[in-house]
Amino acid sequence: MDTSICEGVYWVGCVDWTVRDFHGFNTERGATYNSYLVCDEKVALIDTVKEPFAQELLGKVAAHVELGKIDFVICNHAEPDHAGALARVMAAMPNAKLVCNRKCQASLARHFDTSQWAFHLVETGESLSLGGRSLQFINTPMVHWPESMFTYLPEHKLLFSMDAFGQHYASSLRFDDQVPLPTVMDEAKAYYANILMPLGRQISKTLDQVNDLEVDIVAPSHGVIWRSHVGDILSAYSDWAAFRPAAAARVVVMYDTMWESTAQMARALVQGVTNQGVEAVLLYVRQTSLTRIATEALDAGAFAIGSPTLNAGMMPMMGAVLTYLKGLRPAGDRTAVAFGSSGWGRGGPEAVHEILETFKWKMLREPIKAQYRPTKDTLAECRKVGQDLAIRVQEVAAP
Ligand code: FEO
């Protein structure tokens, strides 16, 4: 495995090939916890790994340098997928100082007994000399936790970016030019949508900070290292953080169904969208992971969301989807409509509409409703609404 990033800088992380549920994130392609070793007159380990991989990490570090000769352990982020191994790492590296910011120190003290650790606190703008080279620190609060920071190695124009620009992607290959770019970009999009979407404002600020640096290599804490497509991932982040209308000319139709009535309405909505020449994505929420739904929602300009009535409310899986999406706060100029069938009462489409009103999206109209079965007229109404949604996203996407 190629573990050399550049002269004296090595990947010593771990690949979690089998994980499929990362605190609710559906990691279909597994995950990696990236840790890096910077060897100079002094030696720094940048971030650790999930606790079960601690021994593997220590073995990889020891292959480069005796553990007693590690001078610094940099903690960019206190979340356990990167800091989980710290207790064992600090015990195995008795001469290492733990380098982090003040918020991180406080967070680590909530996770571990840190009373015996020697801390070296840093804040934005400070640097740490390793001899020939130095590490610079940039606080990036809420990307992903309050204590998060980036570490920059100016001599190699190398940015250790922690969660930002990461992907849940297990591979024996380490670099963006060794793997299929569309696959890794899709995983980066899924990561952004499911982890970072609510933090768009902070991401935009962070991108401004990155733009002030010369960056040839971006080494995140998850997935492959960006060295050939740095511009692509920075540009994608800029689009996702700002919800650029040009990227929004697509309509997501998602639904649950009981006896296929709401499914028929969903398909009619899709017809209306595509008749207008706009891309539609149809998602049956009971057979689609929350992770995929959020990923599809990230850059969609309009939504038709349908549920039949069950017990005077919406179907439970749709409730889970809307709760999840609401937490992710997909902002921007987006339009939505609710739809669904009911029998003898009201409930499903109305409940979807009420939740969508709290999203601060534009509601195109009152819910489209059918009683038991959608009539020809109802399906025609769905096609018309699909067309209206398509026209709406075309207007928003127009320069
Ligand atoms: Fe990969 Fe926020 O931890």
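We count ligands from 1, going down the list as the structure has it; atoms in each ligand are counted the same way. Position 1 is the first residue of the sequence; numbering continues from there.
Across Thr291 and Asn26, no two heavy atoms sit closer than the pair OG1-N, 2.8 Å.
Here the options are Val49, Leu58, Leu57, the test is side-chain contact (heavy atoms from CB on, under 4.5 Å), and the partner is Val12; only Leu57 passes.
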**Asked** Under the side-chain contact (heavy atoms from CB on, under 4.5 Å) criterion, do Phe160 and Phe150 qualify, and how do the steps go?
**Response** CA-CA 6 Å; Phe160 299 100; Phe150 287 176; over 6 Å; no

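Using modelled atom types and a 3.5 Å distance limit, the side chains of Tyr33 and Asp16 yield a donor-acceptor pair.
Within the protein, the N, O or S atoms sitting under 2.8 Å from atom 1 (Fe) of ligand 1 are Asp81 OD2, His82 NE2, Asp163 OD1, His222 NE2.
A salt bridge links Arg227 with Asp177: the distance from a Lys NZ or Arg NE/NH1/NH2 to an Asp or Glu carboxylate oxygen falls below 4.0 Å.
By the side-chain hydrogen bond (donor to acceptor under 3.5 Å, both in side chains) test, Thr18 pairs with no residue at all, sequence neighbours left out.
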